Amino acid sequence: MLSEKPEKSSARANLLKRVIKMSLKLHHTLLLTGAAGGLGQALRERLKANCEVLRLSDRVDFGPAGEHEEIMLADLADAQAVNTMVQGVNAIVHLGGVSVEGAFGPILQANILGMYNLYEAARLHGVKRIVFASSNHVTGFYRQSDTIDASAPPRPDSLYGVSKAFGEDLSRFYFDRYGIETACVRIGSSFAEPRDRRMLATWLSFDDLHRLISACLSTPVLGHSIIFGMSDNAVTWWDNRCAKHVGYVPQDSSDVFRDAVYARTPEPNLADPVAQFQGGGFVAAGPFGL
Ligand code: NAI
Ligand code: 15L
């Protein structure tokens, strides 16, 4: 076979680069909620590869906008503020909200009412694709000896987990009724490193989180998809076979941290529910009363 002339192959390589760039920047203005939080900060620079303009939002002030950025503060419980925040965006990465177990009041405002406000605003403004930061705590009452996929019925381990299950159901309704596509990413534990032995199974690196969100934003047909947000960890409780169409391929693994995590953490007490269930400490938090 004749080989390609160097100038022709470099033109093809440039074209390919342009196509990849275009497919990453499918959405002109991308809204990132929860931008002041841990994952918001981790994704801020990374998500600039996915859009021309990154609109950042949170309810707390987190400083000025940088290049290719807009900042629009909003409390998710404030319908009017959310409406303004969503106007003019093409897709949303929704991280904002209460991120741990606690009293029901704030969870109700941010994760339940806030989710409704966001989807209503998306419907009104014609936004057709959302990546929702759901959580492994939607299914936290499965055992660590279970392997589940997205077809397993929810078994929330906390009020927080219940609120994320509500978000998954609400987004399914908005898909079935209005065609808004959503990826419900049941994030495991996304931190710089796994912090304990449980997180060796649940860990999601920041780079893999960004790969996963990029896949959700760019796959041609997303539909309403539930996908477990995890890196390529050797020990896992989750099977992503129901979300192959998203095209997410993790490239990191918690395995490189295993020895160090074992060395600095005690043997788990296997009689303790915290060590038995996938949700870890969340299964034993509360109650929080009226
Ligand atoms: P975080 O608590 O650091 O950030 C959440 C952000 O949401 C904060 O900046 C907070 O100010 C904002 N927020 C809270 N209530 C709000 C309201 N009413 N209106 C507007 N903004 C509000 O949490 P993190 O770790 O960055 O997580 C981001 C998202 O991912 C959360 O929705 C969390 O539930 C989800 N997630 C995170 C996991 C992780 O391992 N980091 C695991 C599973 C889910
Ligand atoms: C979550 O849903 C929380 O937002 C995060 O702070 C971690 O606790 C994580 O789950 C986890 O399960 O490790």
Side-chain angles (χ1 to χ4, degrees), residues 31-44 56-63 71-82 84-86 92-103 105-118 121 130-142 144 156-168 171 183-206 208-209 212-213 226-231 233 237-238 254 274 277-285:
L31 168 64
L32 174 67
T33 70
L39 296 187
Q41 291 177 51
L43 287 170
R44 184 170 176 171
L56 301 156
S57 183
D58 205 288
R59 71 171 169 177
V60 298
D61 188 7
F62 53 99
I71 291 191
M72 224 175 258
L73 299 184
D75 191 317
L76 289 161
D78 178 342
Q80 193 45 56
V82 171
T84 307
M85 169 184 84
V86 169
I92 302 173
V93 176
H94 181 44
L95 305 183
V98 174
S99 64
V100 289
E101 179 61 329
I107 290 177
L108 175 65
Q109 293 300 309
N111 296 13
I112 294 185
L113 181 57
M115 190 75 179
Y116 172 75
N117 289 340
L118 187 87
I130 299 178
V131 179
F132 163 49
S134 184
S135 170
N136 72 89
H137 297 288
V138 168
T139 49
F141 259 127
Y142 283 91
Q144 296 190 6
D157 58 20
S158 50
L159 298 171
Y160 165 70
V162 171
S163 75
K164 292 292 186 180
F166 169 84
E168 291 190 358
S171 62
C184 297
V185 180
R186 288 184 184 161
I187 302 173
S189 307
S190 196
F191 300 104
E193 292 186 8
R195 295 175 174 175
D196 55 29
R197 294 187 189 199
R198 171 181 166 274
M199 288 192 192
L200 292 169
T202 60
W203 189 62
L204 173 66
S205 73
F206 295 147
D208 277 345
L209 173 62
L212 174 48
I213 292 174
I226 290 173
I227 179 159
F228 290 93
M230 58 183 171
S231 284
N233 309 324
W237 309 320
W238 308 320
S254 65
V274 168
F277 293 102
Q278 296 187 2
F282 281 59
V283 306

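In this text, all values refer to a predicted model and were calculated from it rather than measured experimentally. Order of listing sets the numbers, starting from 1, for every ligand and every atom in it.
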As an exercise, state the distance from [atom1] of [X] to [atom2] of [Y], rounded to the nearest 0.5 Å.
X	Y	atom1	atom2	result
R198	Q278	CZ	CD	8.5 Å
Q80	N117	CD	CG	10.0 Å
S135	N111	OG	CG	10.0 Å
M115	L118	CE	CG	7.0 Å
I107	I112	CD1	CD1	8.0 Å
C184	I130	SG	CD1	10.0 Å

Dump the pairs for me: ligand 2 N or O, protein N or O, distance under 3.5 Å, to 0.1 Å.
| from | atom 1 | to | atom 2 | distance (Å) |
| --- | --- | --- | --- | --- |
| ligand 2 | 2 (O) | S135 | OG | 2.8 |
| ligand 2 | 2 (O) | Y160 | OH | 2.7 |
| ligand 2 | 4 (O) | S99 | O | 2.5 |
| ligand 2 | 4 (O) | Y160 | OH | 3.2 |
| ligand 2 | 10 (O) | H137 | NE2 | 3.1 |
| ligand 2 | 12 (O) | N136 | ND2 | 3.0 |
| ligand 2 | 12 (O) | H137 | NE2 | 2.7 |
| ligand 2 | 12 (O) | R198 | NH1 | 3.4 |
| ligand 2 | 12 (O) | R198 | NH2 | 2.7 |
| ligand 2 | 13 (O) | S189 | OG | 2.6 |
| ligand 2 | 13 (O) | R198 | NH1 | 3.1 |

For ligand 1, is there an N or O atom under 3.5 Å from any N or O atom of [X]?
X	answer
A77	no
A110	no
S99	yes
L76	yes
I187	no

Exercise for the section: Indicate the ring-plane relationship of F282 and H137, choosing parallel, tilted or perpendicular according to the 30° and 60° boundaries. Expected result: parallel
Open item on the list: Quick one, E101 with L159, criterion side-chain contact (heavy atoms from CB on, under 4.5 Å). Give me CA distance, side-chain angles, the key distance, then yes/no.
Closed with: CA-CA 6 Å; E101 179 61 329; L159 298 171; 3.5 Å; yes
Which residue is it: V185, T139, N136, I187? I am looking for the one with a side-chain contact (heavy atoms from CB on, under 4.5 Å) to F228.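 So, applying the side-chain contact (heavy atoms from CB on, under 4.5 Å) to F228 and each of V185, T139, N136, I187, only T139 qualifies.
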Closest non-hydrogen atoms of S158 and G161, given as atom of the first, atom of the second and distance, are OG-N, 2.9 Å
Give a yes/no on ligand 1: does [X] have at least one heavy atom closer than 4.0 angstrom to it?
X	answer
Y160	yes
G97	yes
S134	yes
Q41	no

Under the side-chain contact (heavy atoms from CB on, under 4.5 Å) criterion, do L39 and F206 qualify, and how do the steps go? CA-CA 8 Å; L39 296 187; F206 295 147; 3.6 Å; yes
Considering non-hydrogen atoms of the protein only, which is the closest contact for [atom], and what is the distance?
atom	value
atom 21 (N) of ligand 1	R59 N, 3.5 Å
atom 35 (C) of ligand 1	A133 CB, 3.9 Å
atom 18 (N) of ligand 1	D75 OD1, 3.0 Å
atom 26 (O) of ligand 1	L39 N, 2.8 Å
atom 29 (C) of ligand 1	L95 O, 3.1 Å
atom 4 (O) of ligand 1	G37 CA, 3.3 Å
atom 9 (O) of ligand 1	D58 OD2, 2.6 Å
atom 39 (C) of ligand 1	S190 N, 3.6 Å

Q) Are more than 12 heavy atoms from other residues, nucleotides or ligands located less than 6.0 Å from atom OH of Y116? A)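 No, OH of Y116 has 12 or fewer neighbouring heavy atoms, counting only those of other groups under 6.0 Å.
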Can you sort out which atoms of ligand 1 are near [X], meaning under 4.0 Å from one of its heavy atoms?
X	value
G96	7 (O)
F191	40 (O)
G188	40 (O), 42 (C), 43 (C)
A74	19 (N), 20 (C)
S189	40 (O)

Return yes if some donor-acceptor pair links the side-chain N/O of [X] with the main-chain N/O of [Y] below 3.5 Å, else return no.
X	Y	value
N233	W203	yes
T202	G188	no
K164	S99	no

Q) Between I226 and S134, does a side-chain contact (heavy atoms from CB on, under 4.5 Å) hold up when you go through it step by step? A) CA-CA 9 Å; I226 290 173; S134 184; over 6 Å; no
>> One pair to check against side-chain contact (heavy atoms from CB on, under 4.5 Å): R59 and D78. What are the steps and the verdict?
In response: CA-CA 10 Å; R59 71 171 169 177; D78 178 342; over 6 Å; no
Quick look: Q109 vs ligand 1, heavy-atom contacts under 4.0 Å, and the answer is neither
